[in-house]
Amino acid sequence: MEQLLLITAVLLLPTFCTTAGAASVFLLRRTEEPATRRMLCGMAAGIMLAASVWSLLLPAIERAEQGPLPAWLPPALGLLLGAVGLLRLEALAGRLLKAGPGRCGRVVLAVTLHNLPEGMVVGLAAALALRGEPDAISGALALALGIGLQNIPEGAAVSLPLVQEGKPKRRAFAAGAASGLVEPLGALLALLLAGWVSAALPWLMSLAAGCMVCVTAQEMIPEAVEADEPAGVISVVAGFALMMALDVAL
């Protein structure tokens with residue numbers, strides 16, 4: 001019974017942390033000012049770029065080294081396919097809705113796709129714990145905590161731009177929290193299909209990274225640096241450093 005409770009905590013902790021990050025919209029003031037919008041947009045861009053590298057591409061390379069293909073091939077192709085796929089998805093959405101999904105829609109989509117393989121990684125760790133692997137439970141808890149702490153700024157990266165565009169804070173918070181709901185779904189899927197999902201993780205993680213790099217380069221960095229390039233660049237670097245520090249420390 002205790003083991004099942006621990007596994008449940010492992011599966012839900014990253015989503016809880018995403019929700020906590022999304023709640024930052026209730027703590028910040030004056031988000032409508034142009035300088036604040038540029039700073040927050042740059043911070044979010046840096047966070048997403050660092051998450052693409054440390055949370056997705058580097059783990060994808062490590063997992064690809066265990067497979068039959070060259071270690072660089074799945075991450076490189078997945079990165080390109082993720083970016084091209086997101087652009088095509090935007091074009092399709094624009095035709096269906098007679099308007100593009102907008103920057104905030106792309107941010108929500110990119111972060112949501114990024115959370116799916118992260119949830120699968122947690123699910124695989126939980127599967128090892130249920131099999132009785134040595135130190136698997138403590139390892140799964142540490143992994144879930146690390147991913148959860150990384151998700152705090154990512155939840156903010158979804159909710160804050162929505163507030164900047166004039167959306168109500170409650171709606172922005174709900175969108176940020178909802179972006180993390182795919183993590184327990186991905187974790188449960190990986191828990192049920194541990195053997196199959198493990199082989200596909202390098203592709204899934206690099207696909208998500210491609211989506212994040214695409215939306216960051218397409219919308220967020222240009223907006224951050226357009227009016228005040230030095231301040232925008234510093235905000236991007238600060239966000240990158242924050243996310244990098246969390247990933248390396250954990």
Side-chain angles (χ1 to χ4, degrees), residues 14 18 44-90 106-128 139-140 142-144 146-151 153-154 157-158 179-180 182-183 185-187 189-191 193-221 236-237 239-250:
T18 302
I47 288 168
M48 292 174 70
L49 285 176
S52 299
V53 177
W54 270 271
S55 297
L56 294 171
L57 288 176
L58 292 181
I61 292 172
E62 292 178 1
R63 289 181 172 274
E65 289 175 347
Q66 305 170 10
L69 297 174
W72 58 268
L73 186 59
L77 286 181
L79 185 69
L80 291 172
L81 290 174
V84 172
L86 182 62
L87 291 173
R88 297 298 299 171
L89 185 60
E90 290 173 10
R106 286 189 283 267
V107 172
V108 173
L109 179 61
V111 174
T112 301
L113 290 175
H114 154 263
N115 285 336
L116 180 61
E118 280 193 351
M120 290 180 172
V121 171
V122 174
L124 288 174
L128 293 176
L143 177 63
I147 290 178
L149 290 176
Q150 297 163 16
N151 285 353
E154 290 172 9
V158 172
S179 70
V182 297
E183 288 206 15
L185 296 178
L189 179 63
L191 193 62
L193 305 172
W196 296 344
V197 171
S198 179
L201 266 180
W203 294 93
L204 294 172
M205 298 175 96
S206 55
L207 280 168
C211 292
M212 295 187 74
V213 171
C214 176
V215 70
T216 302
Q218 188 178 20
E219 295 287 346
M220 303 180 74
I221 291 179
V236 173
V237 173
F240 191 99
L242 171 64
M243 194 68 195
M244 178 184 67
L246 286 175
D247 276 298
V248 174
L250 298 171

Interatomic distance, Thr216 atom OG1 to Ile221 atom CD1 [nearest 0.5 angstrom]:
6.0 Å

Pairwise distance CD1(Ile61) to CG(Leu56) - rounded to 0.5 angstrom:
11.0 Å

For Trp54 and Met243: C-alpha separation, side-chain torsions, deciding distance, then whether side chain to side chain contact (heavy atoms under 4.5 Å, CB included) applies.
CA-CA 9 Å; Trp54 270 271; Met243 194 68 195; over 6 Å; no

Atom pairs and distances, donor-acceptor, side-chain atoms in residues 203-215, under 3.5 Å, two or more places apart:
unit_1	atom_1	unit_2	atom_2	d
Ser206	OG	Pro74	O	3.3
Ser206	OG	Pro202	O	2.8
Ser206	OG	Trp203	O	3.1

Mind jotting down which residue pairs meet the ring pair (Phe, Tyr, Trp, His ring centres under 6.0 Å) criterion with at least one end in residues 56-89? Sequence neighbours excluded, please.
none

Side chain to side chain contact (heavy atoms under 4.5 Å, CB included) with Glu62: which residues, sequence neighbours excluded?
none

Contacts of type side chain to side chain donor-acceptor pair (under 3.5 Å), residue Thr18, not counting sequence neighbours
Asn151

